[in-house]
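A quick write-up on the structure given underneath.
Predicted, not measured: the structure shown is a model, and the values here were computed from it. A note on names: the letters A, B, ... follow the listed sequences, proteins ahead of strands, and every chain is numbered from 1.
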2 protein chains.
Amino acid sequence: MEGEAYFVNQSSFQVSTLGDVGSGKISDVERVRAFWRRVEHYDAGSQVRQGERSGPEKQLIIVSGWACELRILPDGRRQIFSFLLPGDAIEARGAGSVGACGVVALTRLEVVNRGAQLTVDAAGREAALQREQRLYDHLMRMGRLSAKERVIHLLLELHERLDRVGLVHGETFKIPLTQEVFADALGLSVVHINRTLKGLRKEGWVCIKAGSVTLRNRPRLAAASCYRSEADDLEFDALPLCAGEDRMGRAIPAPKRNLSA
Amino acid sequence: MEGEAYFVNQSSFQVSTLGDVGSGKISDVERVRAFWRRVEHYDAGSQVRQGERSGPEKQLIIVSGWACELRILPDGRRQIFSFLLPGDAIEARGAGSVGACGVVALTRLEVVNRGAQLTVDAAGREAALQREQRLYDHLMRMGRLSAKERVIHLLLELHERLDRVGLVHGETFKIPLTQEVFADALGLSVVHINRTLKGLRKEGWVCIKAGSVTLRNRPRLAAASCYRSEADDLEFDALPLCAGEDRMGRAIPAPKRNLSA
DNA sequence: CGTTCACTTGACCAACATCAAATATGGTGG
DNA sequence: CCACCATATTTGATGTTGGTCAAGTGAACG
């Protein structure tokens, strides 16, 4: 049944990806052929290396499967920066100058190659903004949220993104993630992730079984983890960023001494 | 003496910013005038709000002073995402759709308004890549580095960036940051930042006095904090991202079970 | 000279990491 | 179907890191 769900997803991407190629009399069969000619596959665990530092930068769009951006320190510590879901682009980073971050397939991956994408259209800009927004969210998670909050917050983000591409059924969706991957994304140890999940299950926040997750009472989860959906930016933006005197008095005045000894 | 250093910096920015406006007979005085006409100021602690959600997006370049991007949670927790130094652009974010992150001046701020910057040139792309790179570094710091490592790592980044705009003298540079700001950037508590700094001082890693920092033996610091300068991307990129069997055996195979119950 | 803001320090505690071992689970070959 | 193996999850015991609370110090400033 999993393959079926993925196929539905693929066909929807055919339309959105190729719909603007030729508006003329190209038959649907032609389109499907053209689509599949550009499909590439990556095995789970393989590194997706693109933009071979000199070749034309190809832009890959994930059709099915999950990937992640990550970095590994010399001593083995790992940090996952973001998850890449169906519909997301794998940026052609690394072709430029900065590229100390790799993309690894977390499951078997199906991607379409859009070739060198030189012009940045409105949709591309929007996607880039959201991507950046997610990086900020991730920073907030790791810097200021507790383990329980981090897990919930990430699950809510994944729910929102998967929902947008039709991979959520009700409140339930599938995550092909190991607890170790989860830990590396959230900056926690596997053991502690395990215990945190246990706690969340026991307290009825979520239901996690065999790779699918069901979020119970999403608004409550959002409140408990300070999650701000991408939909309500404006409202959040209106909050006083530089706190006044009422809000815990944590204003940011001009410092009078700096990191003194 | 502080003002003097800043002024030197400003004049260098005049050249680089306005050098391409007119290659003809515009006198230097004219250039200076044109420059100063576009200068804006922000007080320390004030929020830099740009792109008033509908007006023309102006792009601001910091001439002198420090700012930061941050977010505050409803319960008062703060997270600083990045520091903005002289020469950095204050992105016109927020004018689009996502903007749950504010820019606050950490010191008195002098910025030039470049007006709406619609075309993205090579320099702009390069800057954007480095900015993103720094976000990744920050994520790595908060997710996988210890307190001591985080502090060193951040100091090294600041050194590198300040050096590039000529604000480092020898191994010493000034940071107008409160320990509280430092804490909010690194996801630690003020008290713990204090103790960490104390330790670093005592062990001779750095010398921090009255707002200026001297890094002792930068290569050793870099090694101790897993710092990778922006100069050696290639080398780092060549590291095996998806570890083989030699490197602690932490490969990323296809997960066979996923977040089971 | 008192007030304010930042830094400092000590005592105590909670969150999370680490180590080690036990227990599923799924895949594979017989 | 069963035995076996590798991988993942779970659990307990224990240690460390870093947070919180509270109080004290020192410098700048009116």
Side-chain angles (χ1 to χ4, degrees), chain A residues 2 44-45 75-79 106-107 141-151 175-184 186-202 208-213 243 245 248-261, chain B residues 44-45 75-79 106-107 141-151 175-202 208-213 243 245 248-261:
Chain A
E2 203 169 282
D75 59 7
R77 282 177 286 185
R78 284 194 304 203
Q79 178 63 50
L106 292 169
T107 68
R141 268 197 285 265
M142 309 229 293
R144 287 308 182 198
L145 298 193
S146 71
K148 196 182 288 191
E149 289 171 318
R150 288 185 218 185
V151 170
I175 17 179
L177 301 184
T178 297
Q179 290 188 0
E180 186 181 358
V181 170
F182 232 67
D184 283 332
L186 294 177
L188 299 166
S189 70
V190 195
V191 177
H192 201 249
I193 280 285
N194 186 301
R195 286 193 231 272
T196 306
L197 288 176
K198 182 184 174 186
L200 291 177
R201 274 191 291 250
K202 185 148 50 187
I208 301 181
K209 241 192 316 227
S212 36
V213 173
E245 48 286 323
M248 302 192 58
R250 302 189 63 189
I252 310 183
K256 295 180 181 146
R257 293 159 65 201
N258 308 319
L259 293 185
S260 303
Chain B
D75 58 8
R77 283 178 285 186
R78 284 193 305 202
Q79 178 63 50
L106 292 169
T107 69
R141 267 196 286 265
M142 309 232 294
R144 286 308 182 199
L145 298 193
S146 70
K148 197 183 287 189
E149 289 170 318
R150 286 185 218 186
V151 170
I175 17 181
L177 300 183
T178 299
Q179 290 188 358
E180 187 181 358
V181 170
F182 232 66
D184 283 333
L186 294 177
L188 299 167
S189 69
V190 196
V191 177
H192 201 249
I193 280 285
N194 187 299
R195 285 193 231 272
T196 306
L197 288 176
K198 181 184 174 186
L200 290 176
R201 272 191 293 250
K202 185 148 47 187
I208 301 181
K209 239 189 321 223
S212 35
V213 173
E245 47 285 326
M248 304 191 58
R250 303 189 63 187
I252 311 184
K256 298 185 177 141
R257 295 158 64 202
N258 309 317
L259 291 185
S260 304

* Structure fact -> Quick tally for nucleotides 15-25 of chain D: nucleotides whose base has a protein heavy atom under 4.0 Å get B, sugar-phosphate-only ones S, the rest -, giving ---BSBB----
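In this structure, the NZ atom of A/Lys209 is 12 Å from the P atom of C/dT25, given to the nearest Å. Computed from coordinates, the A/Glu149 CD to C/dA15 C1' distance equals 12 Å when rounded to whole Å. As a whole-Å value, the separation of B/Glu180 CD from C/dC5 C1' is 10 Å. Atom pair A/Leu177:CG and D/dA8:C1' shows a separation of 14 Å (rounding to whole Å applied). Residue A/Gln179 contributes atom CD, which lies 4 Å from atom P of D/dT9 at whole-angstrom precision. Between B/Arg201 atom CZ and C/dC7 atom C1' the separation is 9 Å, expressed in whole Å. If you measure from atom NZ of A/Lys202 to atom P of D/dT9, you get 18 Å, rounded to the nearest angstrom. Distance A/Asp75 CG to C/dT18 P: 11 Å, rounded to the nearest Å.
Recorded end-axis angle for the helix from C/dC1-D/dG30 to C/dG30-D/dC1 stands at 40°, based on five pairs per end and rounded to 10 degrees.
With sequence neighbours left out, A/Ser212 forms a side-chain hydrogen bond (donor to acceptor under 3.5 Å, both in side chains) with no residue at all. In this view, B/Arg150 satisfies the side-chain hydrogen bond (donor to acceptor under 3.5 Å, both in side chains) rule with no residue, not counting sequence neighbours.
Of the possible polar contacts, one joining the A/Arg144 side chain to the B/Leu188 backbone as a donor-acceptor pair under 3.5 Å is found. Distance alone, capped at 3.5 Å, places no donor-acceptor pair between the B/Thr178 side chain and the B/Val181 backbone.
Just one residue in the list A/Ile208, A/Ile193, A/Val191 forms a side-chain contact (heavy atoms from CB on, under 4.5 Å) with A/Gln179, and that residue is A/Ile193.
Under 4.0 angstrom from either OP1 or OP2 of C/dC7 there lies no side-chain N or O belonging to B/Asn194. At D/dT11, one or more side-chain N or O atoms of A/Lys198 fall inside 4.0 Å of OP1 or OP2 (strictly under the cut-off).
Between A/Lys209 and A/Arg201 there is no side-chain heavy-atom pair separated by less than 4.5 Å. With contacts defined as side-chain heavy-atom distances shorter than 4.5 Å, the pair B/Asp184/B/Gln79 does not qualify.
In this structure, the separation between CG on A/Leu177 and CG on A/Leu106 is 6.0 Å, given to the nearest 0.5 Å.
Looking at A/Glu180 and A/Arg78, a side-chain N of the basic residue comes within less than 4.0 Å of a carboxylate O on the acidic one, giving a salt bridge.
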